[in-house]
J.: 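Before anything else, here's the structure in question.
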Amino acid sequence: MEALAPVAAWVAVVLLIVLVGFQVALAAGVPWGKAAYGGASATLTPAQRVSSGVAAVIWALVAWFFLALAIPALAGPVPDSWQIVVLWVLVALFAIATAMNGISRSRIERAIWTPVSAVLLVCALVNVFRALALSGLAG
């Protein structure tokens with residue numbers, strides 16, 4: 001698990017950068033709405049565009065968090081003592097995202113974001129188990 005965790009963190013960083021780019025494009029008005037928000041419309045409402053802008057910032061912070069896991073010398077956005085808690089929150093978030101994307105009415109959203117969410121879930125789990133092992137909390 002020790003050697004796999006940095007690789008999983010890097011995979012998460014790459015996927016999250018893609019997700020940030022997607023959300024920025026949606027916020028900017030690129031008509032990719034069929035791959036987001038249930039796929040109801042290619043063009044997002046102003047509220048959805050704002051939501052995508054906020055999501056881009058949040059996902060960028062999550063990418064920074066995983067980057068700090070991949071590069072231990074890099075300061076992360078949360079104190080080291082919070083890493084396990086943040087990782088468990090991300091595990092829950094990615095599990096919910098995987099389920100929600102999996103049941104989306106949009107075929108393209110299901111095809112793209114379900115596997116991305118599932119891989120991010122695995123990346124978070126790998127890193128939470130590593131953090132637990134390093135903290136001595138794992139049995």
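This is a predicted model, so every value here is computed, not measured.
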J.: Show the nearest heavy-atom pair for residues A9 and N127, with the distance to one decimal.
T.: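 Residues A9 and N127, closest heavy atoms: N-ND2, 3.6 Å.
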J.: List the atom pairs, donor and acceptor, that lie under 3.5 Å between side-chain atoms in residues 69-96 and the rest of the protein, sequence neighbours left out.
T.:
residue : atom : partner : partner atom : Å
D80     : OD1  : Q83     : NE2          : 3.4

J.: Please check: side-chain N/O of S135 versus main-chain N/O of L132, any donor-acceptor pairing under 3.5 Å?
T.: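 Yes: the side chain of S135 pairs with the backbone of L132.
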J.: Any side-chain heavy atom of R130 within less than 4.5 Å of one from L134?
T.: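 Sidechains of L134 and R130: in contact.
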J.: Does A55 have any side chain to side chain contact (heavy atoms under 4.5 Å, CB included) partners at least two apart in sequence or in another chain, and if so, which?
T.: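 Checked A55 against side chain to side chain contact (heavy atoms under 4.5 Å, CB included); matches are Q23, W59.
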J.: Do any pairs count as a ring-ring contact (aromatic ring centres under 6.0 Å, His included) and have a residue in residues 95-116, sequence neighbours left out, and if so which ones?
T.: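 Residue pairs passing ring-ring contact (aromatic ring centres under 6.0 Å, His included), neighbours aside: F22-W113.
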J.: Can you name the side chain to side chain contact (heavy atoms under 4.5 Å, CB included) partners of R107, sequence neighbours left out?
T.: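 Checked R107 against side chain to side chain contact (heavy atoms under 4.5 Å, CB included); matches are R110.
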J.: If a pair satisfies side chain to side chain donor-acceptor pair (under 3.5 Å) and one of its residues is in residues 63-72, list it, with sequence neighbours excluded.
T.: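 Not a single pair qualifies under side chain to side chain donor-acceptor pair (under 3.5 Å).
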J.: Do V14 and L125 share a hydrophobic cluster, counting only Ile, Leu, Val, Met, Phe, Trp and Tyr and linking them when any side-chain heavy atoms are less than 4.5 Å apart?
T.: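 Result: no, two separate clusters.
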J.: For residues 10-19, which residue pairs pass the side chain to side chain donor-acceptor pair (under 3.5 Å) check, not counting sequence neighbours?
T.: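 Listed once each, the pairs would be none.
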J.: For A56 versus V20, what's the shortest heavy-atom pair and its separation?
T.: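 It is O-CG2, 3.7 Å.
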J.: Please tabulate, for the side chains in residues 25-39, all donor-acceptor contacts under 3.5 angstrom to protein atoms that are two or more places apart in sequence or on a different chain.
T.:
residue : atom : partner : partner atom : Å
Y37     : OH   : Q48     : O            : 3.2
Y37     : OH   : S51     : OG           : 3.3
Y37     : OH   : S52     : N            : 3.2
Y37     : OH   : S52     : OG           : 2.9

J.: Looking at CG of L61 and CG of L16, how far apart are the two atoms once the value is rounded to the nearest 0.5 Å?
T.: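 It comes to 11.0 Å.
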J.: Tell me, which pairs form a side chain to side chain donor-acceptor pair (under 3.5 Å) where one or both residues lie in residues 89-104, sequence neighbours left out?
T.: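 Every pair satisfying side chain to side chain donor-acceptor pair (under 3.5 Å) with a residue in residues 89-104: N101-S117, S104-E109.
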J.: Can you tell me how far CG of L15 sits from CZ of F66, rounded to the nearest 0.5 angstrom?
T.: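 Answer for the CZ-CG pair, F66 versus L15, is 10.0 Å.
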